[in-house]
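Computed from heavy atoms alone, side chains included, the values below leave out hydrogens, waters and symmetry copies. In what follows, chains carry the letters A, B, and so on, assigned in the order in which the sequence lines appear, proteins first and then strands, with residues in each chain numbered from 1.
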2 protein chains.
Amino acid sequence: MSEKFIHFRKFLAERGYKTTRQRDLIARTLFQSGRHISVEELYQHVRKQDPRIGLVTVYRTLKLLMEAGLVEERHFGEGHTLYEEGLREHHDHLICTHCGKIVEFENHIIEGLQEEVAKKYGFIILSHKHELYGLCETCQPSTPQGRPHENLTTLPVSSA
Amino acid sequence: MSEKFIHFRKFLAERGYKTTRQRDLIARTLFQSGRHISVEELYQHVRKQDPRIGLVTVYRTLKLLMEAGLVEERHFGEGHTLYEEGLREHHDHLICTHCGKIVEFENHIIEGLQEEVAKKYGFIILSHKHELYGLCETCQPSTPQGRPHENLTTLPVSSA
DNA sequence: CTTGAAATTGAAATTCAGTTTCATCTGAGG
DNA sequence: CCTCAGATGAAACTGAATTTCAATTTCAAG
């Protein structure tokens with residue numbers, strides 16, 4: 001049993017919340033799955049193990065996991081909300097608009113420059129979002145081509 | 001009559017679309033309003049001039065204006081979609097989480113570093129989103145306090 | 001002008017992600 | 001093994017955005 005799992009149980013107990021079959025299953029499944037997962041994906045995985053679990057419970061459990069600091073919600077443009085492990089070092093994302101692959105990066109120089117920008121305009125930064133959208137190595141025209149992600153027909157293309 | 005307005009009419013004609021009272025009014029109102037406007041705000045402004053215009057038409061016209069490159073859609077975290085003038089120089093945003101004020105910035109060094117990051121991971125960047133969330137001068141604890149924005153009770157707080 | 005086909009409009013219905021409601025069920029402390 | 005606050009899940013609801021469709025308008029050809 002992972003330490004995150006224990007942490008979650010402790011969190012629940014502390015707040016007078018209950019440890020239930022559903023919460024256990026949802027948390028376990030989430031911790032076992034890859035970096036960035038959507039509610040729907042998580043729901044399907046959970047459902048395979050127990051078809052009686054409702055989508056509402058997945059939403060509710062994710063909220064608790066966020067309160068516990070174990071999970072973070074990320075909005076990758078319109079309607080692409082994913083969840084990833086929390087409590088980790090800060091990082092930003094590179095997102096392939098073709099296959100949906102997500103790579104994390106961090107760059108201290110950029111972070112420093114952000115502070116300079118904020119200072120210039122008199123802002124105090126509380127958080128930030130820095131996402132680079134493009135094509136990963138596999139999906140670039142010259143190479144053998146990765147296959148397109150099902151749900152990524154229209155991935156965010158914000159600031160040009 | 002502004003050049004953007006003419007551009008829009010030309011765009012419509014080229015594609016066999018029609019110039020209508022509603023499209024004229026919506027486009028004119030949008031071009032006259034400030035930098036970042038929401039659909040609802042635009043709808044209200046338009047409605048003052050012609051109460052019969054439907055919200056659907058505003059959505060449809062915004063889509064056309066985007067196709068024409070005259071407008072850009074920006075998603076500032078969950079449910080805060082704003083529209084701003086297109087065809088301008090690239091820039092990113094500083095957003096005050098207290099009063100909703102939005103300031104634009106650009107930083108070539110950051111843009112350059114982004115390319116380096118992308119290169120490191122074999123990505124080709126097509127677009128990016130860089131948003132700094134925090135408190136503007138007016139809303140910082142020490143100063144006289146700006147008043148909170150109505151619709152900004154829960155502004156995006158993504159990556160810490 | 002007049003006409004009519006094609007495009008546009010707006011009200012209402014629909015979608016989609018996410019939340020709320022509520023009757024029923026269940027975990028865990030006594 | 002009791003009890004009851006907390007949890008569950010089905011169904012209803014929300015809010016933003018899109019689709020449908022009958023009625024209306026544009027505009028180019030007569």
Side-chain angles (χ1 to χ4, degrees), chain A residues 8-27 29 37-44 46-47 49-68 71 73-83 150-156, chain B residues 8-27 29 37-44 46-47 49-68 71 73-83 150-156:
Chain A
F8 187 43
R9 288 204 159 186
K10 205 175 289 177
F11 167 85
L12 292 174
E14 273 166 14
R15 317 260 290 224
Y17 297 152
K18 287 169 183 168
T19 300
T20 65
R21 181 172 44 81
Q22 293 89 331
R23 287 177 180 171
D24 270 13
L25 180 55
I26 292 166
T29 307
I37 193 168
S38 69
V39 176
E40 200 51 41
E41 281 173 309
L42 178 56
Y43 178 50
Q44 292 310 330
V46 164
R47 230 155 196 259
Q49 297 165 267
D50 182 345
R52 286 171 309 161
I53 288 185
L55 181 55
V56 227
T57 305
V58 176
Y59 275 109
R60 285 193 278 229
T61 305
L62 278 171
K63 226 171 216 174
L64 286 171
L65 286 161
M66 291 203 293
E67 278 180 56
V71 165
E73 198 177 44
R74 300 273 188 175
H75 301 286
F76 294 111
E78 203 59 343
H80 287 276
T81 303
L82 302 181
Y83 293 83
E150 334 83 67
N151 295 319
L152 264 61
T153 37
T154 342
L155 245 188
Chain B
F8 186 43
R9 287 203 159 186
K10 204 176 289 177
F11 166 85
L12 292 173
E14 273 167 14
R15 319 260 291 225
Y17 296 152
K18 288 167 182 168
T19 300
T20 66
R21 182 173 44 82
Q22 292 89 330
R23 286 179 181 170
D24 269 13
L25 179 55
I26 293 165
T29 307
I37 193 167
S38 69
V39 176
E40 201 51 41
E41 281 173 309
L42 178 56
Y43 179 50
Q44 292 311 330
V46 164
R47 231 157 194 256
Q49 298 166 267
D50 182 346
R52 286 170 309 162
I53 287 185
L55 181 56
V56 228
T57 305
V58 175
Y59 275 109
R60 286 193 278 230
T61 305
L62 278 171
K63 224 171 217 174
L64 287 171
L65 286 161
M66 291 203 294
E67 278 180 57
V71 165
E73 197 176 45
R74 301 272 187 176
H75 301 286
F76 295 110
E78 202 63 340
H80 288 276
T81 304
L82 302 181
Y83 293 83
E150 334 82 66
N151 295 318
L152 262 61
T153 37
T154 343
L155 245 187

Q) Just one of B:Glu73, B:Arg74, B:Glu41 clears the side-chain hydrogen bond (donor to acceptor under 3.5 Å, both in side chains) bar with B:Tyr83, so which one? A)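 Exactly one candidate clears the test, B:Glu73.
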
Distance-only criterion, 3.5 Å: show the donor-acceptor pairs between side-chain atoms of residues 59-67 of chain A and protein atoms not counting sequence neighbours.
{"residue": "A:Thr61", "atom": "OG1", "partner": "A:Thr57", "partner atom": "O", "Å": "2.7"}
{"residue": "A:Glu67", "atom": "OE1", "partner": "A:Arg15", "partner atom": "NH2", "Å": "2.5"}

Between [N] and [X], is there an OP1 or OP2 to side-chain N/O distance shorter than 4.0 Å?
| X | N | result |
| --- | --- | --- |
| B:Lys63 | D:dT18 | yes |
| B:Thr81 | D:dA16 | no |
| B:Tyr59 | D:dA17 | yes |

When rounded to the nearest 0.5 angstrom, what distance separates [atom1] in [X] from [atom2] in [Y]?
| X | Y | atom1 | atom2 | value |
| --- | --- | --- | --- | --- |
| B:Leu42 | B:Leu82 | CG | CG | 11.5 Å |
| B:Gln49 | B:Thr29 | CD | OG1 | 4.0 Å |
| A:His80 | B:His75 | NE2 | NE2 | 10.0 Å |
| B:Leu12 | B:Thr20 | CG | OG1 | 8.0 Å |
| A:Ile26 | A:Ile53 | CD1 | CD1 | 5.0 Å |

**Q.** Minimum-distance pair of heavy atoms, taken over all atoms of B:Arg23 and B:Lys18
**A.**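 Closest approach of B:Arg23 to B:Lys18, heavy atoms only: NH1-O, 2.8 Å.
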
Q) Minimum heavy-atom separation for A:Tyr43 to A:Leu55, with atom names? A)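 Smallest interatomic distance, heavy atoms only, reads CE1-N, 3.4 Å.
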
Q: Indicate for each nucleotide in nucleotides 7-12 of chain D, in 5' to 3' sequence, whether protein heavy atoms under 4.0 Å reach the base (B), only the sugar-phosphate (S), or nothing (-).
A: SBBB--

What is the distance, to the nearest angstrom, from the [atom1] atom on [X] to the [atom2] atom on [N]?
| X | N | atom1 | atom2 | result |
| --- | --- | --- | --- | --- |
| B:Met66 | D:dT18 | CE | C1' | 13 Å |
| B:Leu42 | D:dA16 | CG | C1' | 15 Å |
| A:Glu14 | D:dG6 | CD | C1' | 17 Å |

Q: For B:Glu40 and for B:Thr19, find the nucleotide of DNA chain D with the closest heavy atom, then tell me which residue's nucleotide is more 5'.
A: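 The answer here is B:Glu40.
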
(Q) Which residues pass the salt bridge (Lys or Arg N to Asp or Glu O under 4.0 Å) test with B:Asp24, not counting sequence neighbours? (A)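 For B:Asp24, the residues satisfying salt bridge (Lys or Arg N to Asp or Glu O under 4.0 Å) (neighbours in sequence not counted) are B:Arg9.
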
Q. Between the axis at one end of the helix from C:dC1-D:dG30 to C:dG30-D:dC1 and the axis at the other (five pairs apiece), what's the angle to 10 degrees?
A.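 What I find for the helix from C:dC1-D:dG30 to C:dG30-D:dC1 is an axis angle of 10°.
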
Q. Reading DNA chain C 5' to 3', which nucleotide is the first, and which the last, to come under 4.0 Å of any heavy atom in chain A?
A.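 Range of nucleotides within reach of chain A: C:dA17 to C:dA28.
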
(Q) Checking B:Thr19 now: which residues fulfil side-chain hydrogen bond (donor to acceptor under 3.5 Å, both in side chains) with it, not counting sequence neighbours? (A)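 By the side-chain hydrogen bond (donor to acceptor under 3.5 Å, both in side chains) rule, B:Thr19 matches no residue at all.
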
